[in-house]
Amino acid sequence: MLILGIETSCDETAAAVVEDGKLVLSNIVSSQVALHAPYGGIVPEVAARNHVENIIPIIQKSLDNAGITLNEVDAIAVTKGPGLITSLLVGVDTAKSIAFAAGIKIIGINHLQAHVYAGQLAKNIDVESIDFKFPLIYLIASGGHTELVLMENYYTFKLIGSTRDDAAGEAFDKIAKLLELTYPGGPIISKRSDFGNSKAYTFARPMINEGYEFSFSGLKTDVLRLIKKKTGELSQQNINDICASFQAAVVDVLVAKTIRAAKNFNAEMIVIGGGVSANKLLRKTIDKKVKSELKNIKLIMPEMEYCTDNAAMIAAAGCYHAKAGIFDSWESIIVDPNLNIPPYEKL
Ligand code: KG4
Ligand code: ZN
């Protein structure tokens, strides 16, 4: 089954072709990071206009790189939410137009569900792709979301915890802004942390021992207070130490809650996803914890290019919908910027 995936929920214009939900034939991502960098965050109107300019060439490139034509595609999977409404509309309206004009089936995808499918993606058939085992706990940590989700099978997703305020990636971005580092904050904070002492400052680890909800705004205030207290300019070493100490605090919280959820829900598998899951310290820490405390659980950490937003994961999600006969029609598909995952009712 060949699915064309389209993703425009935020600031990446992306299209991909995936075979049978796992084999990536092409994965094209046009990032707008440089466009938004001067503003220290995403400007929705700029993002939408850029999607309009890029979407058709990106789709064409994804077909060309996969070596197929549009009429070989079994279905188009497109992100219908959550995200920025003006950005989502570009992807969905383009997908609708192609579906209508070419007579191809269309499937609207929940971006939050799609991140987990990144864990099954492989670039060539020699790479043994991993089948999910359930119950499965997955952590999405990105610029817009921090969510712990329980998957009972390929089709049942339940939210067990999310952030009360800032998302983990948003916290990285805001701290980078406070320290006058480049946008997005995650990669630069990770780099600067390599040269810093993570024990130099003790920042809050909000709610680390309770429940599955997250809160990162207190941590941001902690860092701000420290910066204000230091008179004069921060030295480069001060900045590196703040980055390392902050990164350690975020990682500790993310890992502790994910491990606790896996234990309490008797998970067979843990998957991490979203931009923050590209973080080296997070990957190392969770891997070590799983090996020492959850020996029978398999941990999946997607390749870096599938951690951040991409359309291959949207196509993979689409494949599981198609296998279950779940399709939309171009008339019925509706963009929902606030789409979420239903809560786990027994918490
Ligand atoms: O999933 P993503 O590409 O887009 C959405 O937000 O949906 O995630 C982007 C976020 C940004 O906040 C960025 O700072 C963060 O992921 N990020 C990282 C790293 N790479 C990207 N955070 C920590 N460490 C990284 N290496
Ligand atoms: Zn995302």
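Each ligand, and each atom within it, is numbered from 1 in the order the structure gives. Numbers here simply count residues along the sequence, with the first being 1. FYI, side chains are in, hydrogens and waters are out, and symmetry mates aren't considered; it's all heavy atoms of this structure.
Salt-bridge check for E170 with K220: failed, with every basic side-chain N at 4.0 Å or more from each acidic carboxylate O. Here E210 does not pair with K257 in a salt bridge; the nearest charged N to carboxylate O distance is not below 4.0 Å. Taking a cutoff of 4.0 Å between a charged side-chain nitrogen and a carboxylate oxygen, K263 and E293 qualify as a salt bridge.
Ligand 1 places these atoms under 4.0 Å from at least one heavy atom of G185: 14 (O). Within ligand 1, the atoms closer than 4.0 Å to a non-hydrogen atom of P187 are 19 (C), 20 (N), 21 (C), 25 (C), numbered from 1 in the order shown. Short contacts between ligand 1 and V276, defined as distances under 4.0 Å to a heavy atom of the residue, involve ligand atoms 16 (O), 18 (C), 22 (N). Residue G144 approaches ligand 1 through these ligand atoms, each under 4.0 Å from one of its heavy atoms: 6 (O). Ligand-side atoms of ligand 1 in range of G143: 5 (C), 6 (O), 8 (O), 9 (C), 10 (C), 12 (O), range being under 4.0 angstrom from any heavy atom.
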Could you please spell out the steps behind the side-chain contact (heavy atoms from CB on, under 4.5 Å) verdict for F265 and Y212?
-> CA-CA 12 Å; F265 287 91; Y212 303 112; 3.8 Å; yes
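Looking at P184 next to ligand 1, no N or O pair under 3.5 Å apart turns up.
Looking at D309, its N, O or S atom nearest to the Zn ion (ligand 2) turns out to be OD1.
At least one N, O or S atom of H115, from either the backbone or the side chain, sits less than 2.8 Å from the Zn ion (ligand 2). Coordination check, H111 versus the Zn ion (ligand 2): passed, since an N/O/S atom of the residue sits under 2.8 Å.
Heavy-atom contacts from other residues, nucleotides or ligands closer than 6.0 Å to NZ of K323 number more than 12. Within 6.0 Å of the OH atom in Y155, the count of heavy atoms belonging to other residues, nucleotides or ligands exceeds 12.
In this structure the side chain of I76 never reaches within 4.5 angstrom of the side chain of I107, judged on heavy atoms.
Ranking protein heavy atoms by distance to atom 20 (N) of ligand 1, first place goes to G275 O, 3.5 Å. Atom 12 (O) of ligand 1 has its closest protein heavy atom at D173 OD2, 2.8 Å. In terms of protein heavy-atom proximity, atom 3 (O) of ligand 1 is nearest to D309 N, 3.2 Å. In this structure, the protein non-hydrogen atom closest to atom 25 (C) of ligand 1 is G186 C, 3.6 Å. The protein atom (non-hydrogen) at minimum distance from atom 24 (N) of ligand 1 is N279 ND2, 3.0 Å.
Below 30°, between 30° and 60°, or above 60°: for H111 and H115 the angle between ring planes is above 60°, a perpendicular geometry. Relative ring orientation between Y154 and Y117 is described as parallel, the plane-to-plane angle staying below 30° on a 0-90° scale split at 30° and 60°.
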